[in-house]
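Here is the structure we will look at, set down as structure tokens.
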Amino acid sequence: MTRLDHAEAVFATVRPRLFGIAYRMSGSVADAEDLVQEVWVRWQTADHAAVVNPEAYLATAVTRLAINESQTARARRETYVGPWLPEPVDTSADPQLGAERGAVLELAVLMLLEKLTPTERAAYVLREAFDYPYQQIAEIVRTTEVAARQLVSRARKRLAGERRAPVDATEQRRLLAAFVAAAQAGDLAALERLFSDDVVSYSDSDGKARAARIPLVGAHTLAKVFTAWAPEFWSGAATTFVEANGLAAVALRRGGDTYALVTVTASERGIDQVMWLVNPDKIAAFRAV
């Protein structure tokens, strides 16, 4: 085996972990792929004989690149038309992505991670999704072990303070099915019953499809809007349950093409969030469902 063949074999083994870190850091499949590719380019020219632990070396490289890229990504999102949602991934097609701790993969959690500093996000992802020891997290993000613990603790508190305890996956799917049925029927009363009082709806379009350009808030407001949308939005739609980021979602197809992906998050109070992904660039992974 040549030096390059060996380097490639080592990288192939670690690649799923690298993509998992990069995706959770960026919320974008394309950005995650770019980060992994950059690490591969660097790995080819690295002094492999000096690398004691290739997995640690590569994980460090992709995390630091992701931290640096965060500022550029946030600047790009300032020009995004309407709400920005993370790009969903089909975890039924790529179960390894969700094989670690899936809770750090849910769209709602990735949205909350956007509120953390890049270093807090990195520490939280490494600890909560991949169970890295604090000493290694400290080395990766260039801080002390005590500071690494503080980063993770602050991130946990921030997320816990902004999110109610979610229902389990079975109940989430049941509520999603009930929501789709009520929305298709334009049943205002049924929609209101499903929603928590402060439910929020986010529509990610980047101006490439007709959608609300601000978050919509409140059970009665959403029920009225969704009822008004029903005839046009759901007309002729074939609905298929899919798995997006470890939870149930519904792909909407018309004329053989997927034009929307819809999912919800819920607590004991009912549906807390409705997420509509109608930007065609964001739902490419679900086009052939």
Margin query: Please check this pair: side chain of R173 against backbone of A248, looking for a donor-acceptor N/O pair closer than 3.5 Å.
Written below: no
Item checked: Set of salt bridge (Lys or Arg N to Asp or Glu O under 4.0 Å) partners for D281, sequence neighbours left out -> K208
Note to self: Using the rule side chain to side chain contact (heavy atoms under 4.5 Å, CB included), only one of L113, L151, V141, V125 pairs with E120; which is it?
What the structure shows: L151
Checklist line | Common cluster, L58/V41, ILVMFWY with side-chain heavy-atom separation under 4.5 Å | finding: no
Item checked: salt bridge (Lys or Arg N to Asp or Glu O under 4.0 Å) involving E162 - partner list, sequence neighbours excluded -> K115, R158
Notebook entry, point to check: Hey, what do you get for CD (E139) to OG1 (T144), rounding to the nearest 0.5 Å?
Noted result: 11.5 Å
Margin query: Could you check whether any side-chain heavy atom of R156 comes within less than 4.5 Å of a side-chain heavy atom of R127, counting everything from C-beta outward?
Written below: yes
Check: How far does OG of S201 sit from CD of Q273, to the nearest 0.5 angstrom?
Finding: 10.0 Å
Next item on the list: Please test L126 against I140 for side-chain contact (heavy atoms from CB on, under 4.5 Å), starting from the C-alpha separation and ending with a verdict.
Entry: CA-CA 9 Å; L126 292 171; I140 291 173; 3.9 Å; yes
Notebook entry, point to check: Transitively linked via ILVMFWY side-chain contacts under 4.5 Å: V264 with L252?
Noted result: yes
Next item on the list: Tell me whether V10 is reachable from V52 by hopping between hydrophobic residues (I, L, V, M, F, W, Y) whose side-chain heavy atoms are closer than 4.5 Å.
Entry: no
Checklist line | Flag if over 12 foreign heavy atoms under 6.0 Å of CZ, R142 | finding: no
Next item on the list: Tell me, please, which residues at least two apart from R15 pass side-chain hydrogen bond (donor to acceptor under 3.5 Å, both in side chains).
Entry: E33
Next item on the list: Compute whether any side-chain donor of one residue and acceptor of the other, for S92 and E243, lie under 3.5 angstrom apart.
Entry: no
Margin query: Check for me, please, whether M25 and F130 land in the same ILVMFWY cluster - side-chain distances under 4.5 Å, paths through other members count.
Written below: yes
Check: Does a side-chain heavy-atom distance below 4.5 Å link L261 with V242?
Finding: yes
Checklist line | Separation between CD1 of I283 and CG of D204, rounded to the nearest 0.5 Å | finding: 9.5 Å
Notebook entry, point to check: Would R163 and E106 pass as an ion pair if we require N to O under 4.0 Å?
Noted result: yes
Check: Is the closest side-chain heavy-atom distance between Y124 and L159 below 4.5 Å?
Finding: yes
Notebook entry, point to check: Side chains of F286 and D90: does their closest heavy-atom pair fall under 4.5 Å?
Noted result: yes
Next item on the list: List for me each residue that meets salt bridge (Lys or Arg N to Asp or Glu O under 4.0 Å) alongside D187, sequence neighbours excluded, and say none if there are none.
Entry: none
Notebook entry, point to check: Between W40 and F11, how do the two ring planes meet: parallel, tilted or perpendicular, split at 30° and 60°?
Noted result: tilted
Notebook entry, point to check: Taking only residues at least two apart or on different chains, which pairs with a member in residues 216-231 satisfy side chain to side chain donor-acceptor pair (under 3.5 Å)?
Noted result: E192-H220
Checklist line | Test side-chain contact (heavy atoms from CB on, under 4.5 Å) applied to V278 and R210, step by step | finding: CA-CA 8 Å; V278 293; R210 187 179 177 187; over 6 Å; no
Next item on the list: Please examine the side chains of V152 and Y132, heavy atoms only from C-beta on, and report whether any two atoms are closer than 4.5 Å.
Entry: no
Item checked: All side-chain hydrogen bond (donor to acceptor under 3.5 Å, both in side chains) counterparts of Q136, not counting sequence neighbours -> none
Check: Does the side chain of V217 come within less than 4.5 Å of V199's, by heavy atoms?
Finding: no
Check: Atom OH in Y202, atom CE in M275: separation rounded to 0.5 Å?
Finding: 8.5 Å
Item checked: salt bridge (Lys or Arg N to Asp or Glu O under 4.0 Å): pairs with one or both residues in residues 256-279, sequence neighbours excluded -> R164-D272, D257-R287
Next item on the list: Tell me, please, which residues at least two apart from Y57 pass side-chain hydrogen bond (donor to acceptor under 3.5 Å, both in side chains).
Entry: none
Next item on the list: Write out all pairs satisfying ring pair (Phe, Tyr, Trp, His ring centres under 6.0 Å) with one or both partners inside residues 240-266, taking only residues at least two apart or from two chains.
Entry: F233-Y259
Next item on the list: Give a yes or no on whether R213 atom CZ has more than 12 heavy-atom contacts from other residues, nucleotides or ligands under 6.0 Å away.
Entry: no
Notebook entry, point to check: Are L112 and L247 connected, step by step, through hydrophobic side chains (Ile, Leu, Val, Met, Phe, Trp, Tyr) whose heavy atoms are closer than 4.5 Å?
Noted result: no
Notebook entry, point to check: Any side-chain heavy atom of V51 sitting closer than 4.5 Å to one from W43?
Noted result: yes
Margin query: For the CG atom of L216 and the OG atom of S203, what is their distance to the nearest 0.5 Å?
Written below: 6.5 Å
Notebook entry, point to check: Nearest 0.5 Å, what's the OG-CD distance between S235 and Q184?
Noted result: 10.5 Å
Next item on the list: Not counting sequence neighbours, which residues clear side-chain hydrogen bond (donor to acceptor under 3.5 Å, both in side chains) with T63? List them please.
Entry: none
Margin query: If hydrophobic residues (ILVMFWY) are linked whenever their side-chain heavy atoms come closer than 4.5 Å, directly or via other members, who joins V167 in its cluster?
Written below: none
Checklist line | Partner residues of E78 under the salt bridge (Lys or Arg N to Asp or Glu O under 4.0 Å) criterion, sequence neighbours left out | finding: none
Note to self: Run the side-chain contact (heavy atoms from CB on, under 4.5 Å) test on L194 and L175 for me, step by step, so that the C-alpha distance in whole Å, both residues' side-chain angles and the decisive distance to 0.1 Å come before the verdict.
What the structure shows: CA-CA 7 Å; L194 290 168; L175 288 168; 4.0 Å; yes
Check: Do V29 and K282 pass the side-chain contact (heavy atoms from CB on, under 4.5 Å) test, and can you show the C-alpha distance, the side-chain angles, and the key distance before you say yes or no?
Finding: CA-CA 9 Å; V29 172; K282 289 275 186 82; over 6 Å; no
Check: F19 versus L35: any side-chain heavy-atom pair under 4.5 Å?
Finding: no
Check: Given the rule in the salt bridge (Lys or Arg N to Asp or Glu O under 4.0 Å) test, do D31 and R76 qualify, once you have shown the distances and angles that lead to the verdict?
Finding: CA-CA 12 Å; D31 287 352; R76 287 201 309 267; 2.7 Å; yes
